[in-house]
Amino acid sequence: MKKSIILLVLMLMVFSEGYSQTNIKTMFYNLLYYPSGDPQNREDILKDILDIYQPDIFTVCELETEVGADEILTQSIQSSRPNFARASFINNQSDQSADNQLNQMVYYNTDKFVLESQVTHITYIRDIMQYTLLLKTVDQATNPIRIEYFVTHFKSSDGTTNKNIRLDMANVFTGVLGSLDPDAYVVFSGDFNLYTSSEPAYQEILDVTNDIVMIDPINDNSSLQSWSNDTPTYTAMHTQATRVSQQNGNGAYSGLDDRFDFSFISENLTTSTELFYADGTYDAYGNNKNCYNLDISDPSCTGTYTQSLRDDLYLMSDHLPVVMELFTPQNILNVENYTANYLFKILGSNLIKNNVSILINENLYNSKLTIYNNLGQIVKVVKTSTTNEINIDINNLSAGLYVIRPENSKIINPLKFIKTN
């Protein structure tokens, strides 16, 4: 028994320094003809969106120019979070026609990542960009953790010809998988323009015979689904179109009724203990799951996401961002604590047997706190009220390491505790 307690204490010590920074927040966003599209102050609108979610890895498509890429970096991101950088801007190599000069980009938190390389993979119409991000950890020299982050924008529109083009583009990606370390961590984000899970491109990406097996975090890959506008069944997944009527001649319009935007992940991100997907964190950002065929800003679409955020999303693009989180137990170096202005802490020791007592401020009133185990699985969800001390019964949890994360808050650092017997 004493050995078990000593081991748990050692785990807490290892996780303690910098563990608050093991939370990696990701966001993909189709920006809709940025920067030429209206309204002309979209760098400010995007800033408001990013300030709320605060991603560590922000990937985009429909970026038109290097000027636009710099504008996003300096005005939408660095004005609030200065420790960010971007990859090199590369004009689309796949199709040189004027209609297809739409590009991808990654912005990343330099406190957490180094961009080791970027590679352009040419397809029929638009490039697939590959960014190799190295986690900045204490052990990066001896135990490097890399994410192979792919960003794409598949051919749009329904019909056999367009489906075949999307399949060709998927084949380019799955071909590249064969050149990677078979144990590589892979994320494949983009606007895939997929109407159903029976589409050949979707099936190709998730083919279990690929060199690295990819999964869709929110879909049972064995079941075929139609996400398109013929049914509201999958409204919680929808990312396009955010508008019922067209705005200034730009973008799709019909109301929210398609799932075009995805982040696929390698299967090992659900089994590894060094870097793993946090179960339940994947979401169509801004979708309150009740906005089928409506504007994302419709007052009736109430829920977790606020009216002001949904107003910004309506103005910014005809797509919603896709977000998810990864976790690692590695100690991240040189990270600024962004939660200094927020009260969110465990009262007393982090070694806890029966009840966790947490002190919060009004920013977390009437919200939810989620407890994850060390595999990123949700084990408990607790609703807060309007009191600043929350007591959580953990008697039913197994001994081990856990983290507590507030829901939809600007706080980006989870708390950690050890459950003892």
Side-chain angles (χ1 to χ4, degrees), residues 7-8 10-28 53-59 81 83-85 106-116 131-150 180-189 212 214-215 217 263-282 323-339 350 370-379 400-406 411-418:
L7 178 60
L8 289 173
L10 289 173
M11 287 173 62
L12 183 60
M13 291 172 64
V14 169
F15 279 74
S16 230
E17 182 184 357
Y19 184 80
S20 62
Q21 299 304 321
T22 61
N23 182 26
I24 300 166
K25 304 180 76 172
T26 75
M27 174 185 282
F28 165 78
Y53 185 71
Q54 296 194 1
D56 298 297
I57 302 173
F58 178 47
T59 54
R81 305 178 71 194
N83 297 327
F84 260 75
V106 63
Y107 300 87
Y108 58 95
N109 184 343
T110 57
D111 284 329
K112 296 185 179 182
F113 291 100
V114 174
L115 178 62
E116 285 194 325
Y131 305 104
T132 302
L133 293 167
L134 173 69
L135 269 166
K136 295 175 70 172
T137 68
V138 172
D139 300 324
Q140 69 184 48
T142 57
N143 184 30
I145 298 178
R146 295 178 175 87
I147 305 175
E148 299 295 344
Y149 221 106
F150 293 80
L180 302 178
D181 183 324
D183 295 321
Y185 299 113
V186 181
V187 178
F188 190 24
S189 295
I212 295 176
M214 304 294 294
I215 65 171
S263 280
F264 299 101
I265 60 174
S266 53
E267 189 175 45
N268 58 1
L269 284 171
T270 65
T271 59
S272 171
T273 57
E274 287 200 328
L275 182 69
F276 48 88
Y277 162 67
D279 190 36
T281 61
Y282 188 110
V323 298
M324 68 176 181
E325 297 181 33
L326 306 175
F327 282 85
T328 176
Q330 289 287 338
N331 184 16
I332 306 298
L333 295 172
N334 303 321
V335 182
E336 180 180 352
N337 182 359
Y338 289 103
T339 66
N350 291 70
T370 303
I371 301 179
Y372 299 87
N373 63 18
N374 66 346
L375 294 178
Q377 298 167 326
I378 296 175
V379 296
L401 178 69
Y402 295 87
V403 295
I404 306 173
R405 176 183 176 274
I411 299 173
I412 61 171
N413 297 341
L415 301 176
K416 71 282 182 185
F417 70 90
I418 293 292

- Look only at the side chain of K25 and the backbone of V323, and say whether a donor-acceptor pair between them is shorter than 3.5 Å. no
Compare all side-chain heavy atoms of [X] with those of [Y] and state whether any distance is below 4.5 angstrom.
X	Y	value
I57	V187	no
P144	L134	yes
L326	F276	no
K136	N109	no

Problem set entry | Residue pair Y149, T59: steps toward the side-chain hydrogen bond (donor to acceptor under 3.5 Å, both in side chains) verdict | CA-CA 9 Å; Y149 221 106; T59 54; 4.8 Å; no
**Asked** With no hydrogens and no angle check, do the side chains of D139 and T137 hold a donor and an acceptor under 3.5 Å apart?
**Response**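 Per modelled atom types, D139 and T137 side chains form no pair under 3.5 Å.
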Test side chain to side chain contact (heavy atoms under 4.5 Å, CB included) on R405 and I378; report intermediate values, then the result. CA-CA 10 Å; R405 176 183 176 274; I378 296 175; over 6 Å; no
Atom pair CG (L135) and CD1 (I145), whose distance is rounded to the nearest 0.5 Å
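Here the interatomic distance stands at 5.5 Å.
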Exercise for review: Kindly give the heavy-atom pair with the smallest separation between S263 and Y282, and that separation in Å.
Suggested key: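 Scanning both residues completely, I find the closest heavy atoms to be N-OH, 3.1 Å.
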For [X], what residues pass the side-chain contact (heavy atoms from CB on, under 4.5 Å) criterion, not counting sequence neighbours?
X	result
T281	Y277, A278, M324, E325, Y372
T132	E116, S117, Q130, R146, E148
E267	V213, I215, T270

Exercise. Parallel, tilted or perpendicular: which describes the rings of F188 and F264, with under 30° parallel and over 60° perpendicular?
Worked result: tilted
